[in-house]
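In what follows, every heavy atom counts, from backbone to side chain, and hydrogens, waters and symmetry copies are set aside.
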Amino acid sequence: MDLKLDSPWQKVLNEIKSWARINSPWAIHYNSGSCNGCDIEILATLTPRYDVERFGIKLQGSPRHADVLICTGPVTLQSRDRLKRIYEQMPDPKFVIAVGSCSISGGVFQGCYNIVGSIGDVIPVNVYVPGCPPRPEAIINGVVQLLESLKKK
Ligand code: SF4
């Protein structure tokens with residue numbers, strides 16, 4: 001069935017899609033040059049002790065199935081194009097969470113010969129989670145902030 005963009009059915013359909021996205025966002029994780037400290041904290045967030053799946057968050061292997069891109073580390077010359085490609089492969093609407101000081105500013109890698117900059121220099125970022133590395137509680141707080149901002153839209 002073909003629905004017109006301004007039809008009431010289209011509005012209901014969009015509301016259902018938005019409800020599903022908020023209650024079960026699928027995420028993909030990408031390390032664009034981190035030291036792995038932030039990645040270990042993300043793994044801890046996903047495992048049963050912190051259990052981010054209680055928010056319906058599911059880790060995905062393919063950007064084509066993901067709503068949220070969770071990035072760690074500064075962006076290196078080698079990873080810049082891959083980061084852009086992963087972001088472009090995600091379907092709209094898509095959201096980005098930058099985890100760790102390096103992803104926000106380059107952190108301790110700032111000024112290195114192979115560093116392009118922060119995640120925000122390459123792709124748009126919705127939520128920043130500071131820390132070196134941020135604790136799982138801070139990462140969960142970042143995810144909750146993103147979901148709260150989606151509810152207001
Ligand atoms: S913020 Fe700290 S732990 Fe995370 S990638 Fe940078 S140096 Fe490593």
Side-chain angles (χ1 to χ4, degrees), residues 14-153:
N14 287 343
E15 279 171 13
I16 292 171
K17 276 197 222 166
S18 173
W19 174 84
R21 190 174 302 114
I22 290 165
N23 285 286
S24 183
W26 288 11
I28 185 167
H29 166 221
Y30 183 66
N31 171 348
S32 60
S34 101
C35 73
N36 278 349
C38 289
D39 308 279
I40 290 168
E41 298 300 322
I42 288 174
L43 285 182
T45 309
L46 291 162
T47 47
R49 185 177 166 90
Y50 291 95
D51 194 15
V52 86
E53 275 197 17
R54 71 191 129 132
F55 300 118
I57 294 167
K58 187 171 179 289
L59 200 62
Q60 275 303 309
S62 166
R64 291 190 172 89
H65 300 159
D67 305 301
V68 183
L69 175 59
I70 303 175
C71 296
T72 57
V75 183
T76 62
L77 267 176
Q78 199 178 21
S79 70
R80 178 182 51 195
D81 291 345
R82 289 177 196 149
L83 176 62
K84 273 191 199 165
R85 201 178 319 137
I86 288 172
Y87 181 75
E88 282 161 9
Q89 284 175 345
M90 290 170 66
D92 283 320
K94 49 196 167 187
F95 310 96
V96 177
I97 301 179
V99 173
S101 306
C102 294
S103 69
I104 297 170
S105 65
V108 291
F109 300 107
Q110 242 178 50
C112 290
Y113 69 95
N114 58 342
I115 298 298
V116 178
S118 65
I119 303 288
D121 292 333
V122 180
I123 56 174
V125 175
N126 299 89
V127 174
Y128 291 98
V129 181
C132 179
R135 287 187 53 81
E137 290 91 337
I139 298 171
I140 292 172
N141 185 45
V143 172
V144 171
Q145 274 184 34
L146 176 67
L147 297 181
E148 289 297 325
S149 72
L150 295 186
K151 280 181 193 167
K152 288 176 196 155
K153 285 186 182 172

Side chain to side chain contact (heavy atoms under 4.5 Å, CB included) filter on Leu77, not counting sequence neighbours, yields Arg80, Val116
When every non-hydrogen atom of Phe95 is compared with those of Asn126, the smallest separation belongs to CA-OD1, 3.2 Å
CD (Gln89) and NZ (Lys94) are apart, to the nearest 0.5 Å, by 9.5 Å
Practice task
Begin with the C-alpha distance, continue with both residues' side-chain angles, and end with the deciding distance and a verdict on side-chain contact (heavy atoms from CB on, under 4.5 Å) for Val75 and Ile119.
Solution key: CA-CA 6 Å; Val75 183; Ile119 303 288; 3.9 Å; yes
The salt bridge (Lys or Arg N to Asp or Glu O under 4.0 Å) partners of Glu137 (sequence neighbours excluded) come to Arg135
Applying side chain to side chain contact (heavy atoms under 4.5 Å, CB included) to Ile40 and not counting sequence neighbours gives none
Residues at least two apart in sequence or cross-chain that pass side chain to side chain contact (heavy atoms under 4.5 Å, CB included) with Ser24, listed by chain then number, are Trp26
- Message: Does any part of the side chain of Ile57, heavy atoms only, come nearer than 4.5 Å to the side chain of Val68, both counted from C-beta?
- Response: no
In this structure, CD1 of Ile70 is separated from CG of Leu46 (nearest 0.5 Å) by 6.5 Å
Any Leu59 side-chain heavy atom under 4.5 Å of His29 side chain: yes
Here the gap from Ile139 atom CD1 to Ile97 atom CD1, rounded to the nearest 0.5 Å, amounts to 9.5 Å
Under 6.0 Å from the CZ atom of Arg54, do we count more than 12 heavy atoms belonging to anything else shown? yes
Contacts satisfying salt bridge (Lys or Arg N to Asp or Glu O under 4.0 Å) that involve residues 115-132 (not counting sequence neighbours) are none
The side-chain hydrogen bond (donor to acceptor under 3.5 Å, both in side chains) partners of Ser32 (sequence neighbours excluded) come to none
Taken to the nearest 0.5 Å, the spacing of Tyr30 OH from Leu83 CG works out to 6.0 Å
Rounded to the nearest 0.5 angstrom, the CD1-CZ distance for Ile123 and Arg85 is 13.5 Å
Residues passing the side-chain hydrogen bond (donor to acceptor under 3.5 Å, both in side chains) test with Asn36, sequence neighbours excluded, are Asn31
Side chain to side chain donor-acceptor pair (under 3.5 Å) pairs touching residues 67-76, sequence neighbours excluded, are Asp39-Thr72, Thr76-Ser79
After noting the C-alpha distance and the side-chain angles of Lys84 and Val122, does the key distance pass the side-chain contact (heavy atoms from CB on, under 4.5 Å) rule?
CA-CA 7 Å; Lys84 273 191 199 165; Val122 180; 3.6 Å; yes
In terms of heavy-atom contacts, Ala44 and Tyr50 come closest through O-CD1, 3.5 Å
Ala138 meets the side chain to side chain contact (heavy atoms under 4.5 Å, CB included) criterion, sequence neighbours left out, with Val129, Pro134
Ala66 and Ala27 have their tightest heavy-atom pair at CB-C, 4.2 Å
Pairs under 3.5 angstrom only: tabulate donor-acceptor contacts from the side chains of residues 102-109 to other protein residues two or more places apart or in another chain.
residue: Ser103; atom: OG; partner: Val99; partner atom: N; Å: 3.2
residue: Ser103; atom: OG; partner: Val99; partner atom: O; Å: 3.1
residue: Ser103; atom: OG; partner: Gly100; partner atom: O; Å: 2.7
residue: Ser105; atom: OG; partner: Ser101; partner atom: O; Å: 3.2
residue: Ser105; atom: OG; partner: Gly107; partner atom: N; Å: 3.1

So CD1 of Ile16 and OG of Ser18: to nearest 0.5 Å the spacing works out to 10.5 Å
Sorted by chain and number, sequence neighbours left out, side-chain hydrogen bond (donor to acceptor under 3.5 Å, both in side chains) with Asp81 holds for none
TODO: Could you tell me whether a side-chain N or O of Ser62 sits under 3.5 Å from a main-chain N or O of Arg64, the two making a donor and an acceptor?
DONE: yes
